[in-house]
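Below is one structure, written out as structure tokens, with a few remarks after it.
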Amino acid sequence: MKKKLCVVTGSRAEYDLLKPIIKKINNEKRFNLTVIVTGSHLLKKFGFTYKKIIEDQIKIKKKVNILGKNDDALAICSSISKGIIKFAKILKKNKYDFIIVLGDRYEILSFVISASFFNIPVIHFSGGEITSGSIDDSIRHAITKFSKFHFVSNEKYKQRVIQLGENPKNVFNVGSTGPENIRKEKLLNRSKLENQIKFKFKQKNFLVTYHPVTYEKDYGIKNLRILLKVLSKFNNSGIIFTMPNSDIKNNYFFSEIKKFVKKNKNSKYYISLGRKKYYSCIKFSDVIIGNSSSGIIEVPSFKKPTLNLGIRQKGRIQSKSVLNCNHITEKKLYSLIKKSLSLKIKNISKKAKNPFEKKNTSNQVIKILKKIIKVRDN
């Protein structure tokens, strides 16, 4: 009998990390995989990123739309409650043996809650991490407590999951699939990339991703304004923005970035680049700026510096290639951008190791999955 596995994905970033796992599960004869998409994948505002999954020749079984147009706390709570109900109806009709999820998004939490009440074992990736400036931190730990098995990205995170009360035998340090994706992706050359994204790179270039900060009183709006003001001083540099995710106040962030790009012709924004173009942009950027987890988990594998802003990623393990600007002022931020462009930081980044990188992550995951299923069958 094939084991019925169900993977749920709600965002572009989380899907990219799950993709190699999904591909390998699909190649296993013992597994029957269902892929469900939800969250920002299904909204035009975020680029209908579910289409990227189809392009990757991954079959989508269900589309569960739970997000509305508003971006306030009530709207987020409404999305979670819709998710619990809609996912429960799917789980009632389908007898899955295991649920697979990754990360810390509220859309995923709603699915995990439903799965727990149907007594379906949850396999969670990327637990144990700390991002104390964001509500994602609490959501991640909640998902951990609802989960039975845990694939973590660092030994320190393995110990934290165990400290949360999880069975040590069910916690596996396999690294992150992000660095593995980078090694396997065939990146575009500069001319092809420029042609595809319709952007001409300058002598110096910045790749910027700045998300709302849910544990800041103003959700990071003040710091966003400072960031944009400082970036406007680098009018001879190329500036590429990738747009924020579906957190509270994301509409405001979208609006301010669009205004900036309209005024500053050396910049351009993209709702969704896709993995190949995003990684290629990192390759041809001098520094990655913002508060995205990608700057911490993936960028160090490119041997590029990351300038991490504010408290959103506070507590996460970091490579020596990451510079931090916790308390953002114009003067400090301008100085740190200049510093990140220096030869000294460039050389440090070239030598720095990525603490999230391990060999054969996805292969290790499949081996462990087979063992988990074999043990439960017995």
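For the numbers below, each heavy atom of this structure counts, side chains included, while hydrogens, waters and symmetry mates do not. FYI, the numbering just counts along the sequence from 1.
Cluster annotation: Val365 is connected to Phe172 through the hydrophobic network of ILVMFWY side chains, with a link wherever side-chain heavy atoms come within less than 4.5 Å.
Residue pairs meeting the salt bridge (charged side-chain N to carboxylate O under 4.0 Å, His left out) criterion with at least one partner in residues 48-65, sequence neighbours excluded, are Lys19-Asp56. Within the structure, the ring pair (Phe, Tyr, Trp, His ring centres under 6.0 Å) test picks out the following pairs touching residues 285-342 (sequence neighbours left out): Phe234-Tyr334, Tyr279-Phe302. Judged as a salt bridge (charged side-chain N to carboxylate O under 4.0 Å, His left out), the pairs with a partner in residues 105-115 (not counting sequence neighbours) are, in order, Arg105-Glu107, Arg105-Asp247.
Side-chain contacts under 4.5 Å among hydrophobic residues (ILVMFWY), followed directly or transitively, place Ile296 together with Val152, Tyr157, Val161, Ile162, Val171, Ile297, Ile317, Val322, Phe356.
Scanning for salt bridge (Lys or Arg N to Asp or Glu O under 4.0 Å) contacts around Glu194 gives Arg190, Lys200, with sequence neighbours left out. Looking at residues two or more places apart in sequence or on another chain, you find no salt bridge (Lys or Arg N to Asp or Glu O under 4.0 Å) involving Lys371. The salt bridge (Lys or Arg N to Asp or Glu O under 4.0 Å) check on Lys258 picks up nothing, with sequence neighbours excluded. Partners of Asp97 by salt bridge (Lys or Arg N to Asp or Glu O under 4.0 Å), not counting sequence neighbours: none found. A search for side chain to side chain contact (heavy atoms under 4.5 Å, CB included) contacts involving Ser321 returns Pro300, Ser319, Ser349, Ala352, not counting sequence neighbours.
Of the possible polar contacts, one joining the Arg140 side chain to the Glu129 backbone as a donor-acceptor pair under 3.5 Å is found. Looking only at distances, no side-chain donor or acceptor of Ser255 sits under 3.5 Å from a matching main-chain atom of Asn251. Checked by atom type and distance alone, the side chain of Thr361 never pairs as donor or acceptor with a backbone atom of Glu357 at under 3.5 Å. Between the side chain of Asn27 and the main chain of Lys23, a donor-acceptor pair closer than 3.5 Å is present. Of the possible polar contacts, none joining the Ser246 side chain to the Ser40 backbone as a donor-acceptor pair under 3.5 Å is found. Judged by distance alone, the side chain of Lys358 and the main-chain N or O of Ser153 form no donor-acceptor pair under 3.5 Å. Without hydrogens or angle criteria, Ser342 side chain to Lys339 main chain gives a donor-acceptor distance under 3.5 Å. Side-chain N or O atoms of Lys148 include none that pairs as donor or acceptor with a backbone N or O of Phe98 at under 3.5 Å. In this structure, Ser335 contributes its side chain and Lys332 its backbone to no donor-acceptor pair below 3.5 Å. Panel note: side chain His41, backbone Phe48; no donor-acceptor pair is recorded below 3.5 Å.
Interatomic distance, Ser78 OG to Asn70 CG, rounded to the nearest 0.5 Å: 9.5 Å. Separating the OG atom in Ser301 from the CG atom in Asn354 is a distance of 3.5 Å, to the nearest 0.5 Å. Rounding to the nearest 0.5 Å places CG of Leu333 at 7.0 Å from CD1 of Ile289. Here the CG atom belonging to Leu33 is positioned 11.5 Å from the NZ atom belonging to Lys4, to the nearest 0.5 angstrom.
Taking all atoms of both residues into account, the shortest heavy-atom contact from Cys325 to Ile328 is O-CG1, 3.5 Å. The two residues Pro355 and Asn154 make their nearest non-hydrogen contact at O-ND2, 3.0 Å. Scanning both residues, Ile143 and Asp104, for their nearest heavy atoms gives CD1-CA, 4.3 Å. Smallest separation of non-hydrogen atoms from Asn266 and Asn236: ND2-N, 4.5 Å.
Residues Asn308 and Thr306 have side chains that never bring a donor and an acceptor to within less than 3.5 angstrom of each other. In this structure, a donor-acceptor pair under 3.5 Å is absent between the side chains of His150 and Thr144. Residues Gln163 and Gln159 bring no donor and acceptor atom of their side chains to less than 3.5 Å of each other. Side-chain contact, Ser138 with Tyr215: a donor N or O sits under 3.5 Å from an acceptor N or O.
Looking at heavy atoms from C-beta onward, Leu17 lies out of side-chain contact with Phe125 at the 4.5 angstrom threshold. Thr329 is not listed as a side-chain neighbour of Ile226, based on a closest heavy-atom distance of 4.5 Å or more. With a 4.5 Å cut-off on side-chain heavy atoms, Leu5 and Val7 do not count as touching. No side-chain heavy atom of Leu187 sits under 4.5 Å from any side-chain heavy atom of Phe284. In this structure the side chain of Tyr219 never reaches within 4.5 angstrom of the side chain of Asn250, judged on heavy atoms.
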Task: salt bridge (charged side-chain N to carboxylate O under 4.0 Å, His left out) evaluation trace for Asp218 with Lys249 - done: CA-CA 9 Å; Asp218 69 343; Lys249 296 295 181 182; over 6 Å; no
Task: Residue pair Phe111, Phe146: steps toward the ring pair (Phe, Tyr, Trp, His ring centres under 6.0 Å) verdict - done: CA-CA 10 Å; Phe111 186 83; Phe146 278 113; over 10 Å; no
Residues 82-96, side-chain donor-acceptor partners within the protein, below 3.5 Å, at least two apart:
unit_1 : atom_1 : unit_2 : atom_2 : d
Lys86  : NZ     : Asn65  : O      : 2.6
Asn94  : ND2    : Ile90  : O      : 2.8

Enumerate donor-acceptor pairs with a distance under 3.5 Å from any side-chain N or O in residues 268-275 to protein atoms, sequence neighbours excluded.
unit_1 : atom_1 : unit_2 : atom_2 : d
Lys268 : NZ     : Ile197 : O      : 3.2
Lys268 : NZ     : Lys198 : O      : 2.9
Tyr270 : OH     : Ile197 : O      : 2.7
Arg275 : NE     : Glu185 : OE1    : 2.9
Arg275 : NH1    : Asp16  : O      : 3.4
Arg275 : NH1    : Asn181 : OD1    : 3.1
Arg275 : NH2    : Glu185 : OE1    : 3.3

Which atom pairs, donor and acceptor, lie under 3.5 Å between side-chain atoms of residues 205-214 and protein residues at least two apart or in another chain?
unit_1 : atom_1 : unit_2 : atom_2 : d
Asn205 : OD1    : Lys202 : N      : 2.8
Asn205 : ND2    : Lys202 : O      : 2.8
Thr209 : OG1    : Thr242 : OG1    : 2.3
His211 : ND1    : Asn245 : N      : 3.1
Thr214 : OG1    : Ser134 : OG     : 3.3
Thr214 : OG1    : Ile135 : N      : 2.7

